[in-house]
Amino acid sequence: MPALASHRKPRTRVRTTTPAVGLTTAALASVTLLSAQSATAAPAPKPSIEDVQKKVDDLYRQAGTATQQYNRAKEASTTQRAKVDALLEDVAERADKLNDARRTLGAYAAAQYRTGSIAPSTTFFLADDPQSYFDQSQLMSRMTGQQQKAVTDFRTQQAKASQKRAEAVQSLETLTSTQTTLRTSKQNVQEKLGEARAMLSKLTAEEKARLAALERKKEAEAKRKAQELARQQAAAQSEADRKAAEAAKETESGSGTGTGTGTGSDSSATTKAETALAFAAAQIGKPYVWGATGPSSYDCSGLTQAAWKAAGVGIPRTTWDQVKTGTRIATADLQPGDLVFFYDDISHVGIYKGDGMMIHAPKPGANVREESIYYMPIYGSVRPS
């Protein structure tokens, strides 16, 4: 019997990949769209030369502030190290005295052991709690005078040695904290200077030329203001001289016994200021190095400190402490040798030369030089004494 042909319809194969292909296509389209948008997005605007100048100046000022923090921490660290060394030496000396007292007590104990008796001093020496022993006044009364003195000496040396050890430990902790501040300040200086150098290194030759032109314009304006101050000071001095001459004539036409108003101390102060200024002038051309106090390089407060030291006047290390030294002076009344401080945070200082000019150690990459006091915003001025 012939086989019957099958009447079943062939099974239809279902394709399941079409939706996936559709999703992939949509995703690719989205990526392409985003890429196109990114490609057409405007780049970040490049800062203007004026903005660069302002930013660099601000970084140098911040570096100056960090330098003063470094100077203060370094000075504190040096002072604290000397204190710790002295305390450790004292502890060693007191340990020797304590050992001497201990040997004296040991000698008493050995002598009494040989005689077969245990002396009160031995009981004290071997006691777990010597203070409890001394609370027993009846036992104290049994000691000989020499034994009591030996025990008293031991207790005294023990207490002093313990006190000095505690002071040494505390001083070491302070020193450690100060050294941490020192490291942090040093890192801050390096970071600010690094940012400034990086920003300047990205400038084109044309941009550097424009920045230099802005600096020259700034210097010219500062010099103009210095010349104006010089004219005002000259006029004021001329008026003062005129009044002094008139007063002298009146004295001569009177009794003729007028007394001078000048004093030896005024003359001495002027001489010291001249000496300080002459020292600063001799440093012109030496490089600025943050944290430096000479003789081959200086930072701003290192220069002013060294200048007045040459005149026999000691002033503190940092600008923040120097501004508290001496007499506050108005800008119009500045005299050669006075210290002029800058910025609200008092992070820079120069020594006044006269005619609106100063000598200062400006910033990294620059040398000690003369400059108008109006090159930076003035905080105030002092006359060291």
Side-chain angles (χ1 to χ4, degrees), residues 217-284 300 303-315 319 322-344 346 348-362 368-385:
K217 181 178 179 181
K218 180 180 177 182
E219 290 170 2
E221 176 61 17
K223 188 172 292 186
R224 184 193 65 76
K225 290 182 178 180
Q227 291 170 347
E228 178 61 27
L229 175 63
R231 284 192 292 270
Q232 292 173 1
Q233 288 182 326
Q237 185 61 51
S238 178
E239 179 66 13
D241 292 344
R242 184 187 65 79
K243 290 182 178 180
E246 290 180 354
K249 287 181 180 179
E250 291 177 1
T251 301
E252 290 176 1
S253 62
S255 62
T257 59
T259 58
T261 58
T263 64
S265 60
D266 291 340
S267 176
S268 175
T270 300
T271 301
K272 289 179 179 179
E274 291 173 348
T275 301
L277 184 59
F279 178 92
Q283 312 312 308
I284 290 177
C300 65
L303 176 63
T304 52
Q305 183 188 44
W308 274 97
K309 182 179 179 181
V313 178
I315 62 175
T319 54
Q322 288 181 8
V323 76
K324 301 174 185 176
T325 303
T327 306
R328 292 299 294 266
I329 301 296
T331 301
D333 299 327
L334 283 169
Q335 294 180 7
D338 292 344
L339 301 181
V340 187
F341 298 87
F342 302 90
Y343 301 112
D344 290 341
I346 324 176
H348 192 74
V349 63
I351 184 166
Y352 191 65
K353 179 180 180 291
D355 295 332
M357 303 295 287
M358 65 176 171
I359 298 173
H360 71 141
V368 175
R369 65 192 183 200
E370 290 185 15
E371 197 149 48
S372 167
I373 62 172
Y374 293 102
Y375 184 76
M376 295 166 283
I378 297 173
Y379 172 84
S381 306
V382 301
R383 184 166 298 154
S385 57

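- Considering only heavy atoms from C-beta on, Leu229 comes within 4.5 Å of Tyr374 through its side chain.
- In terms of heavy atoms, Ala280 sits closest to Ile351 at CB-CG2, 3.7 Å.
- For the atom pair CG (Leu339) and CG (Leu334), the distance works out to 10.0 Å, reported to the nearest 0.5 Å.
- A donor-acceptor pair under 3.5 Å is absent between the side-chain atoms of Glu221 and the main chain of Lys217, judged by distance alone.
- Taken to the nearest 0.5 Å, the CZ atom of Arg369 stands 8.5 Å off from the CE atom of Met358.
- In terms of heavy atoms, Ala361 sits closest to Leu303 at N-CD2, 3.8 Å.
- In this structure, Lys223 places its NZ atom where only 12 or fewer heavy-atom neighbours from other residues, nucleotides or ligands lie under 6.0 Å away.
- Of the residues listed (Lys249, Arg242, Lys243), the one engaging Glu246 in a salt bridge (charged side-chain N to carboxylate O under 4.0 Å, His left out) is Arg242, and it is the only one.
- Sorted by first and then second residue, the side-chain hydrogen bond (donor to acceptor under 3.5 Å, both in side chains) pairs involving residues 351-362 (not counting sequence neighbours) are Gln233-Tyr352, His348-His360, His360-Glu371.
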### Query
Are Thr325 and Trp308 close enough, and set up right, to give a side-chain contact (heavy atoms from CB on, under 4.5 Å), and what steps lead you there?
CA-CA 12 Å; Thr325 303; Trp308 274 97; over 6 Å; no

Got a list of side-chain donor-acceptor pairs under 3.5 Å for residues 376-384, not counting sequence neighbours?
{"from": "Arg383", "atom 1": "NE", "to": "Asp338", "atom 2": "OD1", "distance (Å)": "2.8"}
{"from": "Arg383", "atom 1": "NE", "to": "Asp338", "atom 2": "OD2", "distance (Å)": "3.3"}
{"from": "Arg383", "atom 1": "NH2", "to": "Asp333", "atom 2": "O", "distance (Å)": "3.1"}
{"from": "Arg383", "atom 1": "NH2", "to": "Asp338", "atom 2": "OD2", "distance (Å)": "2.9"}

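- Within a 6.0 Å sphere centred on CG of Asp241, heavy atoms belonging to other residues, nucleotides or ligands number more than 12.
- At a threshold of 4.5 Å between non-hydrogen side-chain atoms, the residues Phe341 and Gln322 count as touching.
- Taking CD1 of Ile284 as the start and CD1 of Ile359 as the end, the distance is 4.5 Å to the nearest 0.5 Å.
- Residue Ile315 holds its CD1 atom at 4.5 Å from OG1 of Thr304, rounded to the nearest 0.5 Å.
- Salt-bridge formation is not detected for the pair Lys225/Glu228: no Lys NZ or Arg NE/NH1/NH2 atom is positioned less than 4.0 Å from an Asp or Glu carboxylate oxygen.
- Under the 3.5 Å distance criterion, the side-chain polar atoms of Ser238 are left unmatched by any main-chain donor or acceptor of Ala234.
- Closest of all the heavy-atom pairs between Gly326 and Ser385 is CA-OG, 3.9 Å.
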### Task
Start with the C-alpha distance between Gln227 and Arg231, add both sets of side-chain angles, then the distance that settles side-chain contact (heavy atoms from CB on, under 4.5 Å), and finish with yes or no.
CA-CA 6 Å; Gln227 291 170 347; Arg231 284 192 292 270; 4.1 Å; yes

